[in-house]
There are 2 protein chains.
Amino acid sequence: MPSITRTAPDSEGNRRVVETAVYTAVRTLLDSGAKYTEISVQKILAEADISRSTFYAHFRDKSELLARMGRSLNQRFFDEATADAATIWDAVESPDGLQSITELLAKGVARHREHFSVLAAISETAAYDAAVNDFYTSGLEAFEARVRADLEKRLGSALTDSKLNARISAQVIVWGGEQAIAHHISTEDESQDADFAAELAAIWWYGAYNRRTESS
Amino acid sequence: MPSITRTAPDSEGNRRVVETAVYTAVRTLLDSGAKYTEISVQKILAEADISRSTFYAHFRDKSELLARMGRSLNQRFFDEATADAATIWDAVESPDGLQSITELLAKGVARHREHFSVLAAISETAAYDAAVNDFYTSGLEAFEARVRADLEKRLGSALTDSKLNARISAQVIVWGGEQAIAHHISTEDESQDADFAAELAAIWWYGAYNRRTESS
DNA sequence: CACCTACCGTACACTCTGTTCGACATAGTG
DNA sequence: CACTATGTCGAACAGAGTGTACGGTAGGTG
């Protein structure tokens, strides 16, 4: 038999054992203050206490590892977040959507803070790695579509400035908001979260969702 | 004489020759689509056609190179931008500051687009490199201070929602705005710049500078 | 017991980094 | 013109990290 680079583990169960060990190892390293870029595969191996060959049997490289980590995180974070969005966000057409958005952002910030080290690693790596960027981008694009749809609804009902450009506004809100949240968490204390959520919500609300121009 | 690691060039003139060669080499490589992280020192040497030892006589490493490149760019970009800000921004207390901000952003976006590859490299590298991050951060913090001061002025004159938190708003505006601009440029055509500037300006204006709450 | 699955450990080829140092080219000075 | 200082070149090297290859081994299963 020709030497086929060694097969990857196939049995559902055993797969999880190694991979979660790697995930927690990376989390530990990230939480200890290292940037993902600086963390070598060697350090991950040492921390997870597995061998080099085992690692490469499971992950193609460090990028795929991070992307997979992100995906596994999203299944109980992003999905959870979109669940919130579905319930709360719908109140967006109600008169005080501002409070809805504030609550939504407060939850979002809390979750973001909880997993901050991993999310920061993803955003950091997405800047130069195509695989991670694809993953990162697709997540935000989903939000963008949602925001845009809501803005268009409000435009249709004349609930905001008729000159508002829903597509561009949605981009500003989502991509700028993401960065604003990340920066807030990395520089401010948790005690500021409520104020931050309220302030960001107000900017979104009065700046786009419910924009009242001088003339109106 | 003991071998002191080889002195760095001292004469003003000759210094510039090598360094600008390196700068243009990096710019060429960035413009050709490569991410700064992926660009090895070797490639820079080849592109600039200088030797390894010469490079390290001028720059400590790739990070310092990028930070220096950024600084040299700022002397005729950031400074220029803050000059605009000084003249136009002051109109912020006038009734239609919205138009002032729109113009300011339009110029900012244009400049950002012109030097996009380098600015993207800086933001990309700042995410994991301390030296570049210091540089990147200090630039944005200057803007943040400016925005915050303006917001506080408007608060004092009761020109916006009395409940607005100037500190947090300034952070959202500057850090979120930076990301929004970067994302816009990397995904949208130049023809969209005017609409984008208007939309971002509107969000800033109605969301913070001139926020009108329901009750007022 | 024989077999298979999945991990271990070592070894290896390769790439990149940052340093060192002798050689050389050039320009200014006495 | 000879001397000297300056700055670049080129080659060599140690060290770190990456991804691959493959033989060996423990444990569960039929």
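Chain identifiers are assigned alphabetically (A, B, ...) following the order of the sequence lines, protein sequences preceding nucleic acid strands; residue numbering begins at 1 within each chain.
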Where the side chain of [X] is defined as all heavy atoms beyond and including C-beta, which of [options] is the nearest nucleotide?
{"X": "Ile50(B)", "options": "dC9(D), dG9(C), dT17(C)", "answer": "dC9(D)"}
{"X": "Gln42(B)", "options": "dT19(C), dT18(D), dC16(C)", "answer": "dC16(C)"}
{"X": "Val41(A)", "options": "dC21(C), dT10(C), dG19(D)", "answer": "dG19(D)"}

Is Arg68(B) paired with Glu19(B) through a side-chain N to carboxylate O contact shorter than 4.0 Å?
yes
Do Glu47(A) and Lys43(A) meet the salt-bridge criterion of a basic N to acidic O distance under 4.0 Å?
no
Step-by-step side-chain hydrogen bond (donor to acceptor under 3.5 Å, both in side chains) determination, Ser63(A) to Asp129(A):
CA-CA 7 Å; Ser63(A) 299; Asp129(A) 182 280; 2.5 Å; yes
Polar pairs (N or O, both sides) under 3.5 Å between protein and nucleotides 25-27 of chain D?
none

Which pairs of donor and acceptor atoms, one on a side chain in residues 169-176 of chain A, lie under 3.5 Å apart (sequence neighbours left out)?
{"from": "Ser169(A)", "atom 1": "OG", "to": "Asn165(A)", "atom 2": "O", "distance (Å)": "3.3"}
{"from": "Ser169(A)", "atom 1": "OG", "to": "Glu199(B)", "atom 2": "OE2", "distance (Å)": "2.5"}
{"from": "Gln171(A)", "atom 1": "NE2", "to": "Glu188(B)", "atom 2": "OE2", "distance (Å)": "3.1"}
{"from": "Trp175(A)", "atom 1": "NE1", "to": "Glu144(A)", "atom 2": "OE1", "distance (Å)": "3.0"}
{"from": "Trp175(A)", "atom 1": "NE1", "to": "His183(B)", "atom 2": "NE2", "distance (Å)": "3.4"}

Mapping Asp61(B) and Asp49(A) onto DNA chain C by nearest heavy atom, which one lands closer to the 5' end?
Asp49(A)
Give the rounded distance in Å between these two atoms: CG of Leu45(A) and P of dG19(D).
11 Å
Reckon Ser40(B) touches a base, only the sugar-phosphate, or nothing at all at heavy-atom distances under 4.0 Å?
sugar-phosphate
Please report the end-to-end axis angle for the helix from dC1(C)-dG30(D) to dG30(C)-dC1(D), five pairs per end, rounded to 10 degrees.
10°
